[in-house]
Asks: 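The structure's right below; bear with me while I get my questions together.
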Amino acid sequence: MKNFIEDLLRMGFLRNVLHGTALFLSIMMPVSMIQINSEWWALLVLGALPALAPIIVIIIGLDIMMTSIWKSDASEGKLVYYNKVIRSHLGFGGLLFLSWLMVFLPKMI
């Protein structure tokens with residue numbers, strides 16, 4: 001666990017914000033299945049949260065693509081770093097995508 005946190009801290013502020021946003025949206029996504037009476041909360045929870053999830057997944061995918069491009073011209077030490085970045089992106093992005101599917105797949109079928 002300590003190595004995982006150290007690896008995340010080495011990835012930089014923007015990637016950590018991206019991972020934090022994906023984790024927050026993954027946790028909050030099941031909330032968008034409940035019925036809310038307040039208009040403001042309904043707009044935030046039923047509108048904004050589900051709309052942000054695909055956008056964040058696409059941004060994570062774009063960073064995976066850029067990291068793969070940088071990885072193609074990297075030294076051995078950087079290859080390990082870029083592989084860790086890609087694996088963490090796949091983990092956080094996959095979790096967000098699965099939580100989004102959990103909410104919307106029953107509504108789409």
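From a predicted model like this one, the values you see are computed outputs, not experimental measurements. Reckoned from all heavy atoms, side chains included, excluding hydrogens, waters and symmetry mates.
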Asks: In Å, rounded to the nearest 0.5 Å, how long is the span from CZ of F97 to CD1 of I58?
Replies: 10.5 Å
Asks: Membership question, hydrophobic clusters at under 4.5 Å side-chain separation (ILVMFWY): are V85 and F4 in the same one?
Replies: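 Yes, one cluster joins them.
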Asks: Quick check on the hydrophobic clustering: are L23 and I59 connected, directly or via other members, by side-chain heavy-atom contacts under 4.5 Å?
Replies: no
Asks: Would you please test H89 and H19 for side chain to side chain contact (heavy atoms under 4.5 Å, CB included) and show each step?
Replies: CA-CA 7 Å; H89 277 345; H19 292 155; 2.8 Å; yes
Asks: Side chains of E6 and N3, heavy atoms from C-beta outward: is any pair under 4.5 Å?
Replies: yes
Asks: Check the hydrophobic clustering (I, L, V, M, F, W, Y; side-chain heavy atoms under 4.5 Å; chains of links allowed) and say if L18 and L25 are grouped together.
Replies: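 As far as the 4.5 Å side-chain criterion goes, L25 and L18 are connected within one cluster.
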Asks: Distance check, rounded to the nearest 0.5 Å: R87 atom CZ versus T67 atom OG1?
Replies: 12.5 Å
Asks: Does the side chain of L52 reach to within under 4.5 Å of the side chain of M28, using non-hydrogen atoms?
Replies: no
Asks: What's the spacing between L8 CG and K84 NZ if we round to 0.5 Å?
Replies: 10.5 Å
Asks: Which heavy atom in L49 sits nearest to a heavy atom in M29, and how many Å separate them?
Replies: O-CE, 3.7 Å
Asks: State, to 0.1 Å, how close M102 and P30 come at their nearest heavy-atom pair, and which atoms those are.
Replies: CE-CG, 3.6 Å
Asks: Under the side-chain contact (heavy atoms from CB on, under 4.5 Å) test, which residues partner A22, sequence neighbours left out?
Replies: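 Result, side-chain contact (heavy atoms from CB on, under 4.5 Å) vs A22: I56, I60, F92, L96.
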Asks: Once ring-ring contact (aromatic ring centres under 6.0 Å, His included) is applied, what residue pairs with a partner in residues 46-88 remain, sequence neighbours excluded?
Replies: none
Asks: For S99 and S26, work out which heavy atoms get closest and say how close.
Replies: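 What the structure gives for the nearest pair is OG-CA, 3.5 Å.
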Asks: When hydrophobic residues are tied together by side-chain contacts of less than 4.5 Å, even through go-betweens, does F24 share a cluster with I55?
Replies: yes
Asks: Looking at G93 and V57, what are the two nearest heavy atoms and their distance?
Replies: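 Shortest heavy-atom separation between G93 and V57 comes out as O-CG2, 4.1 Å.
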Asks: Taking atom CE of M66 and atom CG of L62, what is their separation to the nearest 0.5 Å?
Replies: 9.5 Å
Asks: Any donor-acceptor pair under 3.5 Å linking the side chain of N16 with the backbone of M11?
Replies: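 Answer holds: no.
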Asks: Please check if L101 and L90 belong to a single hydrophobic cluster, counting links between Ile, Leu, Val, Met, Phe, Trp and Tyr side chain heavy atoms closer than 4.5 Å.
Replies: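 Yes; L90 is reachable from L101 via cluster members.
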